[in-house]
Amino acid sequence: MKKHNFSAGPCILPQEVLLKASEAVIDFNNSGLSLIEISHRSKPFIEVMETASALALELLGLEGKGYKALFLQGGASTQFLMAAYNLLENKAGYLNTGTWAAKSIKEAKLFGEVVEVASSKDANYNYIPKGFSVPSDLDYFHCTSNNTIFGTQLKEFPTTSVPLVCDMSSDIFSRSLDFSKFDLIYAGAQKNMGPAGTTLVVIKEDVLGKVTRAIPSMLDYKNFIEKESMFNTPPVFAVYTSMLTLQWLKDLGGIAAIEKENEKKAQLMYSEIDLNPLFKGFAAKEDRSNMNATFNLVDESLKDTFDAMAKDAGMNGINGHRSVGGYRASMYNALPLSSVAALVEVMSELERKA
Ligand SMILES: *Cc1c(COP(=O)(O)O)cnc(C)c1O
């Protein structure tokens, strides 16, 4: 039985993408060779890389605006340090909205002064701090657009004169934003774009070249820009599968179209959380994520019953992260509305039974 896959990451991917990716592993474009056994310098693979990068910029509305899209390795976690390595000369500002944000702060401190501009750590990150101002003497300001673990999402981004850096790992390509406000965006592919193994980096070229330190080749954005993500062997399967997902998204009508679906899913999910007296939401209402809904049982003694019912109904990946407990339903782009409806049905069935 096909499961309803609410996994927080690696995430659900469209069936047609999985099918095409699996075909390419056996025989890539009728070449008699597998995608993963050909040279990354061969023409067919160079085309894959070019298409993937072009699609990323096109979907984000950033073509011809001085940005480059790169597919790198080391996960979003490497971007925590790579961003600072390349951009932090004196002082950077960070918004501390969760575990991933805190990790990015820890890495940046190795390279310069870090100002925590605001934090929601005092309330186990169940809200997004507001009303803060971003100092103007920073090398950059860093934020996390969606807090995967806690289920909060930035609905607005600060207006600032300093370069804006954003970890969009868990909501990139899920909602319309003015992406040209950002100077550096990064996202591990495995949350909303593809398999684990590659990280999308979208960078405005003019933010580079401002630090005086020497940068190791593998951590220098300039090298990957110059070599079009092929400074060393790229993760060919992850890039190809990401390309297929981006194509799927474009065919659906792009970010504006998927955003409508994502809103429907989130509305259905949160209305059940709010109306069903057996559950309570974790995140502050106004900051709720459309990607990761976090919620708990009011009465923990119902846990075994609910878990068994969810399992029987084919639910996968709804357990909350250990730092929040309870449940987390991740509703990434490829998750159909019918899966959310099925989960909501299990929740209301519990209410009828209890
Ligand atoms: C998962 C996640 C990360 C870490 O990604 P890796 O690719 O595993 O390093 C970073 N930031 C956010 C917001 C995430 O959701």
Side-chain angles (χ1 to χ4, degrees), residues 5-13 56 69-85 94-108 119-121 124-129 141-155 157 164-175 177 179 182 184-202 218-219 224 229 234-235 237-239 241-242 245 262 282-283 287-294 317-324 328-335:
N5 190 3
F6 291 90
S7 172
C11 70
I12 183 169
L13 292 173
L70 306 174
F71 288 88
L72 305 186
Q73 298 191 60
S77 300
T78 296
Q79 293 309 307
F80 296 161
L81 68 105
M82 198 164 164
Y85 223 136
Y94 276 71
L95 184 61
N96 185 3
T97 53
T99 309
W100 298 116
K103 288 188 182 191
S104 68
I105 290 169
K106 177 170 179 259
E107 297 302 302
S119 169
S120 51
K121 191 166 187 233
N124 197 22
Y125 298 117
N126 73 354
Y127 71 102
I128 300 287
F141 175 72
H142 180 285
C143 56
T144 311
S145 56
N146 185 71
N147 299 283
T148 326
I149 293 174
F150 301 93
T152 61
Q153 190 171 35
L154 262 75
K155 306 295 172 184
F157 292 83
L164 195 52
V165 177
C166 191
D167 175 0
M168 293 197 187
S169 290
S170 52
D171 70 350
I172 191 148
F173 302 118
S174 75
R175 57 170 168 164
L177 291 174
F179 293 98
F182 301 90
L184 170 62
I185 296 167
Y186 59 86
Q190 73 277 12
K191 300 280 165 54
N192 208 19
M193 184 177 71
T198 193
T199 308
L200 175 66
V201 170
V202 176
M218 280 295 288
L219 295 174
F224 289 93
S229 302
F237 179 75
V239 173
T241 309
S242 298
T245 313
N262 289 335
F282 172 78
D287 301 322
R288 282 173 165 174
S289 164
N290 279 1
M291 293 282 99
N292 315 93
T294 44
I318 60 168
N319 279 342
H321 189 272
R322 60 190 176 280
S323 47
V324 180
R328 168 173 53 171
S330 296
M331 305 174 286
Y332 296 121
N333 283 354
L335 185 87

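Just so we're clear, the structure is a prediction, and the values are computed from it rather than from any experiment. Whatever order the structure lists ligands and atoms in, that order sets their numbers, starting from 1.
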Visitor: At what distance is the nearest protein heavy atom to atom 15 (O) of ligand 1, and which residue and atom is it?
Guide: Thr148 OG1, 2.4 Å
Visitor: Have Asn290 and Asp171 got a donor and an acceptor in their side chains that come within less than 3.5 Å?
Guide: no
Visitor: Counting from 1, what ligand 1 atoms have a heavy atom of Gln190 closer than 4.0 Å?
Guide: 5 (O), 6 (P), 7 (O), 8 (O)
Visitor: Who's the nearest protein heavy-atom neighbour of atom 2 (C) of ligand 1, and how far?
Guide: Lys191 NZ, 2.5 Å
Visitor: Using every non-hydrogen atom in the two residues, find where Met193 and Leu200 come nearest and quote the distance to one decimal.
Guide: CE-CB, 3.8 Å
Visitor: With a 4.0 Å heavy-atom cut-off (strictly under), which part of Asn146 contacts ligand 1: side chain, backbone, both or neither?
Guide: backbone
Visitor: Compare every heavy atom of Cys143 with every heavy atom of Leu164, then report the nearest pair and how far apart it is.
Guide: CD1-SG, 4.5 Å
Visitor: I need the atoms of ligand 1 closer than 4.0 Å to a non-hydrogen atom of Gly75, numbered in the order shown.
Guide: 7 (O), 9 (O)
Visitor: Looking only at protein heavy atoms, which one is nearest to atom 5 (O) of ligand 1, and what is the separation?
Guide: Ala76 CB, 3.5 Å
Visitor: Less than 3.5 Å apart, any donor N or O on the side chain of Asn147 or Thr152 sitting next to an acceptor on the other?
Guide: yes
Visitor: Could you check atom 9 (O) of ligand 1 against the protein and tell me its nearest heavy-atom contact, residue, atom and distance included?
Guide: Ser77 OG, 2.6 Å
Visitor: Compare every heavy atom of Ser323 with every heavy atom of Asn124, then report the nearest pair and how far apart it is.
Guide: ND2-O, 3.2 Å
Visitor: Between Ile149 and Thr294, what is the shortest heavy-atom contact and its length?
Guide: O-CG2, 3.5 Å
Visitor: Can you sort out which atoms of ligand 1 are near Phe80, meaning under 4.0 Å from one of its heavy atoms?
Guide: 10 (C)
Visitor: If every non-hydrogen atom of Gly74 is compared with every non-hydrogen atom of Thr199, which pair is closest and at what distance?
Guide: C-OG1, 4.4 Å
Visitor: For atom 11 (N) of ligand 1, find the nearest protein heavy atom and state the residue, atom name and distance (0.1 Å precision).
Guide: Asp167 OD2, 2.6 Å
